[in-house]
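Predicted model, so just to flag it, every value in this text is computed and none were measured.
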Amino acid sequence: MSDRPLSTLSSLAPPVLSALAGAGYETVQDLLSNSTPEQLSKDLNIPLPASQAVFSAAAGPSQRSLPMTQSAAAMMGTTAKQYSTACPPLDRLLGGGLKRGFILEINGPPGSGKEQMAATAVRTFVECDQQVLFVDMQNMVLPATIKRILMNSPTADPDGMDLVRYLAFHTTAEFVAFVRSLPAYLEANPSTALLVLNSLAFPFQPHTIKRFAMLDKLKQVLARACASMGLTVIITSQLTTKMLEGNGQPGSAPPGSKSVMIPSFRDSDFPPGRTYRVIIVPLTRTTGVIRLLSSPTHVPSRGQPAREEPYQRIRGMIS
Amino acid sequence: MEALVDAVSKELAPRPRPLREVAHIGEEKFTTGDSHLDDVLGGGIRTGMLWEISGENNAGKTQLALQLALTVQLPQRLGGLSGAACYITTREELPTSRAQEMIAKHPLLSPQLCGLPDIFTVRAPFYVALQKVLTESVPAFADGRANTPGAKPAKLLIIDTFTDIFDHLKDERYEDTTLRARDLRGVSLILHRLASKYRLAVVILGGARDTFPRIDGEDRAPGELRYSDQSRWFARAHTLPGEDSREAVLGHVWPNQLNARIMMSRTIRTRPRSVVDPRVQERQGGRDPKRRRIEGEQQFSSTPAPDEAIPFRRFSVIFSSVGPPAFCDYVILDEGVIGIPPEEQPPSTFLYPTQPSTTSLSSVPTTQGLSSAPRSTASSSNSTQTPRYTQSLSYASESVSRAPSMPPPSQLVVTQSSVTTTATDSQAPLSAPSTYDASVPTRPPSTVPLSQSVVPSSQPDLDEDWDMYWKGTEGDDQLYANAGGQADNPEEAAETGPPVEAQETDSDYYWKDGNDDDALYTDL
């Protein structure tokens, strides 16, 4: 996918294609790693929505049942090292652990422990002497919790705390400002290996029209950071309830009709080719499964059962 | 233009801080006034979070909230934060004379250390009022306290009873579920921002209603979970048979907003006052108020009734971001809410030694209606009232009985990764009863009182129980470890006290007839 010539993107209009060629963009890789929609619109003198369309087309369709081609950068990986998430069932779903440059999104109902999972995964990175930026948006993981997790491990290093930076905010505006300033932060702190976005759905709760733009911007920033510096990202998201009428149509249902809980974000909100999406499904008070919703190489199509790994809660998550 | 926005963002963006600098955030907590409740909560009520305490009417939520508004004022050496409280009421005024009584009688509280002046109270009967209070009055109060040297800073915000505001029976605008969802999200944002900015503990009280079994079938797709299935685990507590017949009222949007949810339930268990109330034990035939009255009426004392049956209640953490699910029992006395170690064996996921785990299975047969005499009379007398007790047997018993049966199905969990695991689990405890007979003499006396009869427990037996249950926790970081699976015990040692009905005859009505007062809420 990375070497795919831009001229093969059939959804782009010929004038746009020739402008791209004239500006020196030949393959998809050129475009994705070197530019943003805003910059491109400036360079090519095309309106912003058009350049955003270029990027969406270059990123490729997201729902496919065929194995997805991965970008060359993702295949290489900065290292082959896999970081354990400290949760064995999750590690198994990931094929051993989380690699640098990949994104893991954990969905789950309230109280399922997804935020705690993200916080515990920090420890692996700290033990490998990597820097972490932990962003919490709903007061789920307070700094003292991270400190406790780090200090409780048998190989705890008191200086491990210095590898972690913590940031908390709640509003949409702060989120937008954060995403825009993230590239600069990463440039100033190039050894940041893990970014945790805890309770990412919270700033998106006020449903605004800007939601798509915000998510698009986040996706661009993350894609670039994962590709260029091998940033690993762990995201936790709550589920949204969708009301169904009796016959399965969405709508504002009268009370008593069926409702389902679905992830707050879609597959297309995350960079394709580098995102794992899982969902925690409690089945009893202490056990359940973690299901793989999508991975860089495979999107399960409808009707296909998803891979799952059972878990058991002993005050956290353990196999 | 883009560059300009980027530059502005860079300036306005919140800056990440080194963990070492902010590691104290999240450590701040204050006692509830009772060590057992504190242990269940993971050390006490922590600031900077949104807690919900749900429970039916007269379960004792307001009692506990009042107690919190007083204990937060205590100095740090006594477990408080030297803080002030904001108490927002939606229905009635703050029960001030009850607060005075607690100050007078509770062992930790005293008039020198805490009082009404440090509780800022305001009424907000509907959403617009609540929004105004939260965006104007509370910040003004908190800022004022912060800027006044020597004044106690605001550390606790209570909303009693939050769910009343969003009750569609009281405000028909909220029959529109979209509107209600939007308003709930709006309030949640305000509350989280208040919690972060002023490092407050935000405690909202919520109602609970009867649950009704819903079978909706399998999940439609890997990423779609049936709401009625999942809500069992975040809207109800499952530590006691019958406890999950009540569920928290607000669902869908609201549980996602919370950091922790607690359920306070009334149960049908009782204890004689002589066993539970320390003052009756100490005193030789002293005087003791038999029944508490609502504020405004004189408290009167009657002749002591050492054998008066006092209801035992259950305090459960359903989920919490700072601690594992845990539970204990409690009673309501003159001095306030007093916690007691749970009489039932906790589920074996808390890694108790094997001996208790066998007795944990023994608690299951009693719920299955074996031949012991008290059981049968209870079920026959309750048959006309569809009590929550038998309701749970029919629907929720699967989930309840699964919990104590951890040892046998551990192999099942590994080999099966589908929904059928739950069905298999439930078979295990159902077969267990057949191996026990009704007498089960080896069990601790705690599992006997499933009837209304008075339990003649003697003090030494209870001591023995407490030693068995109690595991020393060396610090609250042991109460919620990471996935290292340390043995822990969020349960607490006992000190029993007979529960005293804290409200007036309302509670008798609920007690006897089941609560038909709670209307059928919608799923939201």
Side-chain angles (χ1 to χ4, degrees), chain A residues 38 86-87 109-111 115 120 133 138-140 142-149 152 161-162 164-170 174 177-178 180-181 184 205-206 238 241 252 255 258-263 279 281-287 289 291 293 300 302 306 308 310 312 314-318, chain B residues 2 6 9-10 12-14 16-20 22-23 25-27 48-50 177-178 185 189 192-193 195-196 216 220-227 230 233-234 238 252 255-256 258-259 318-319 321-322 324 349 399 402-403 413 417 419 421-422 425 477 480-483 485 488 522-523:
Chain A
E38 296 82 13
C87 169
E115 298 84 8
T120 316
L133 173 59
Q138 201 182 322
N139 293 323
M140 278 291 185
L142 300 173
T145 307
I146 305 179
K147 175 181 170 189
R148 200 180 308 139
I149 289 172
N152 262 4
M161 280 206 299
D162 296 324
V164 180
R165 298 270 178 95
Y166 183 88
L167 180 55
F169 56 78
H170 306 294
E174 287 169 307
F178 164 73
R180 284 182 168 274
S181 64
Q205 281 191 140
Q238 67 196 33
T241 308
S252 68
K258 300 180 185 179
S259 44
V260 294
M261 303 177 81
I262 59 174
I279 184 168
V281 184
L283 297 173
T284 73
R285 192 155 76 96
T286 49
T287 63
V289 296
R291 270 185 210 148
L293 294 178
R302 239 173 149 64
E308 1 183 280
Q312 184 176 313
I314 307 184
R315 298 147 34 84
M317 301 278 221
I318 285 190
Chain B
E2 285 294 321
D6 276 336
S9 301
K10 192 152 165 257
L12 290 182
R17 322 287 293 281
L19 184 66
R20 202 177 280 277
V22 294
I25 298 179
E27 293 287 8
M49 306 175 35
L50 180 54
T177 53
T178 316
R185 290 193 199 108
L189 179 62
H192 276 287
R193 295 187 74 194
S196 301
D216 280 332
R220 295 175 348 142
E224 293 189 4
L225 309 183
R226 290 255 163 239
Y227 180 80
Q230 291 304 322
W233 315 122
F234 58 76
H238 301 265
H252 295 283
N256 273 326
L258 301 171
N259 299 122
I318 301 178
F319 63 84
S321 61
V322 292
T349 54
S399 48
R402 231 182 265 121
V413 166
S417 61
V419 182
T421 307
T422 62
D425 273 352
D477 51 355
Y480 193 36
N482 44 46
D488 72 318
T522 65
D523 260 353

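Contact between Thr284(A) and Trp233(B) at its shortest, heavy atoms only, is CA-CZ2, 3.5 Å. Heavy-atom minimum distance, His192(B) versus Gln138(A): CE1-O, 3.2 Å. Among all heavy-atom pairs drawn from Pro222(B) and Arg291(A), the shortest one is O-NH1, 2.9 Å. In terms of heavy atoms, Pro263(A) sits closest to Gly223(B) at CD-O, 3.2 Å.
Residue contact with chain B, scored on non-hydrogen atoms closer than 4.5 Å, involves the side chain of Leu133(A) exclusively. Looking at Glu115(A), there are no atoms closer than 4.5 Å to chain B (heavy atoms on both sides), in backbone or side chain. Using a 4.5 Å cut-off between heavy atoms, Leu258(B) touches chain A through its backbone atoms (N, CA, C, O) alone.
Note that CD1 of Ile279(A) and CG of Leu225(B) are 4.0 Å apart. Values are rounded to the nearest 0.5 Å. Within the model, atoms NE2 of His170(A) and CZ of Arg193(B) stand 8.0 Å from one another, a figure rounded to the nearest 0.5 Å.
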Next item on the list: Report the C-alpha separation of Gln230(B) and Val281(A) in whole Å, then their side-chain angles, then the decisive distance to 0.1 Å, and conclude whether the side-chain contact (heavy atoms from CB on, under 4.5 Å) test is met.
Entry: CA-CA 8 Å; Gln230(B) 291 304 322; Val281(A) 184; 3.9 Å; yes
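For Arg17(B), the CZ atom counts as loosely surrounded, since its 6.0 Å shell holds 12 or fewer non-hydrogen atoms of other residues, nucleotides or ligands.
With chain B as partner, the option from Ser181(A), Pro110(A), Ala177(A) having the largest number of non-hydrogen pairs under 4.5 angstrom is Pro110(A).
Inter-residue side-chain proximity for Met261(A) and Tyr227(B) is flagged as met; some heavy-atom pair is nearer than 4.5 Å. Using a 4.5 Å heavy-atom threshold, the side chains of Val260(A) and Arg226(B) count as touching.
Looking at Arg165(A), its side chain never comes within 3.5 Å of a backbone N or O of Pro16(B) through a donor-acceptor pair. In terms of modelled atom types and a separation under 3.5 Å, the side chain of Asn139(A) and the main chain of Asn259(B) share no donor-acceptor contact.
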